[in-house]
Amino acid sequence: MTKRVAILISGGGSNMVTLVEAMHSGRIEAIPVLVLSNIPDAGGLAKAEALGVPTAVVDHTGFKGDREAFDAAVHAALQEADPDIVCLAGFMRILTPDFISKWDGRMLNIHPSLLPKYRGLHTHQRAIEAGDKVAGCSVHLVTSELDAGPVLGQTEVEIRDNDTPDTLAARVLTEEHRLYPRVLADFVRQ
Ligand code: GAR
């Protein structure tokens, strides 16, 4: 049965676009049923609409720090779309363990580091400051510990002597666009 995929974003949504395009072209045997953002003017929303994917916004600012209530609203929107799999793609909110448990084994995330290195934010800056020679990206299953779930796929990216966090981020992002569709294609076949 063709799997249904919802994608959660907070920003430009370039990873979301590569996932949707791969689903539309048949490289991923799944259909995108929802793109949801916590940021009302996230650039990815217009891109999703242009690709013909239904969109939703759950603005976290309206919940005034009540993470349970925010997650409940996200969950309600997801239930309406009825996905089999949820992909976090630049979704910059920490989700509650209760929400995560509802999608146990069915929620993926892409993170811009070679996990378990550099969980959290500012991954490229931290890799450069540590003097690392390689950076990269990881797709992993989401568990209640931040960026710590089982890794499903990784790509290494060389760190050059003159790299800044921005130049490194751009090269890593290019690899993210290859890695995430490949991992999701395998995942939906399981
Ligand atoms: C990507 O680099 C993704 O790995 C990162 O945000 C960017 C989103 O770009 N995610 C995280 O840092 C999650 N902790 P996009 O909106 O263009 O896909």
Side-chain angles (χ1 to χ4, degrees), residues 5-24 28 32 34-51 53 55-60 67 70-71 74 85-97 99-100 103 107-129 132 134-159 163-184 187:
V5 176
I7 305 171
L8 272 50
I9 64 168
S10 298
S14 68
N15 277 291
M16 174 276 296
V17 169
T18 63
L19 293 178
V20 169
E21 286 177 346
M23 286 187 256
H24 283 169
I28 300 173
L34 180 69
V35 170
L36 182 148
S37 172
N38 65 305
I39 307 280
D41 61 356
L45 286 170
K47 294 175 192 166
E49 280 160 21
L51 287 161
V53 183
T55 61
V57 173
V58 180
D59 184 351
H60 66 277
R67 288 187 186 276
F70 170 75
D71 285 5
V74 172
I85 296 166
V86 176
C87 289
L88 308 184
F91 185 68
M92 304 307 277
R93 300 296 299 170
I94 292 177
L95 296 162
T96 56
F99 176 90
I100 290 168
W103 299 95
M107 184 155 59
L108 279 56
N109 180 42
I110 187 149
H111 184 74
S113 79
L114 293 174
L115 292 172
K117 276 194 153 183
Y118 311 125
R119 296 171 184 162
L121 299 175
H122 311 299
T123 54
H124 306 301
Q125 187 182 336
R126 288 156 68 199
I128 290 170
E129 282 174 4
D132 292 358
V134 284
C137 47
S138 309
V139 174
H140 64 97
L141 279 171
V142 177
T143 60
S144 54
E145 198 182 340
L146 182 69
D147 299 329
V151 171
L152 303 176
Q154 281 184 323
T155 306
E156 292 189 354
V157 174
E158 181 200 359
I159 299 180
D163 260 330
T164 65
D166 285 348
T167 61
L168 179 57
R171 289 206 312 290
V172 171
L173 190 61
T174 301
E175 293 304 326
E176 293 182 37
H177 297 161
R178 296 192 178 108
L179 178 68
Y180 211 172
R182 201 166 68 223
V183 170
L184 183 60
F187 191 77

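Numbering of ligands and ligand atoms starts at 1, following listing order. All values below were derived from every heavy atom in this structure, side-chain atoms included, with hydrogens, water molecules and symmetry-related copies excluded.
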Less than 4.0 angstrom from a charged side-chain N to a carboxylate O is my criterion; do [X] and [Y] meet it?
X: E175; Y: R178; answer: yes
X: R171; Y: E158; answer: no
X: D132; Y: K117; answer: yes

* For ligand 1, is there an N or O atom under 3.5 Å from any N or O atom of G13? -> yes
* Return the option from N15, N109, V172 holding the heavy atom at the smallest distance from atom 9 (O) of ligand 1. => N15
* Asked: Heavy atoms only: which of M92, K47, H177 is nearest to atom 13 (C) of ligand 1?
  -> M92
* For G12, counting its heavy atoms only, list the atoms of ligand 1 lying under 4.0 Å from any of them. => 16 (O)
* Asked: When you check the side-chain N and O atoms of H111 and T123, is any donor under 3.5 Å from an acceptor?
  -> no
Could you tell me the residue and atom name of the protein heavy atom closest to [atom], and the distance to it rounded to 0.1 Å?
atom: atom 17 (O) of ligand 1; value: S14 OG, 2.5 Å
atom: atom 4 (O) of ligand 1; value: E176 OE1, 2.7 Å
atom: atom 12 (O) of ligand 1; value: P112 CD, 3.5 Å
atom: atom 6 (O) of ligand 1; value: G90 CA, 3.8 Å
atom: atom 14 (N) of ligand 1; value: H111 ND1, 3.6 Å

* Close approach, I9 and ligand 1, non-hydrogen under 4.0 angstrom -> no
* **Criterion side-chain contact (heavy atoms from CB on, under 4.5 Å) against N109, the qualifying member of V139, L88, T143** => L88
* Structure fact -> Under 4.0 Å between heavy atoms, the region of D147 that gets near ligand 1 turns out to be neither
* Minimum heavy-atom separation for P112 to E176, with atom names? -> CB-OE2, 3.6 Å
* Taking all atoms of both residues into account, what is the closest heavy-atom pair of L141 and L152, and its distance? -> CG-CD1, 4.1 Å
* If the plane angle is over 60° it's perpendicular, under 30° parallel, otherwise tilted; pick one for F91 and F70. => parallel
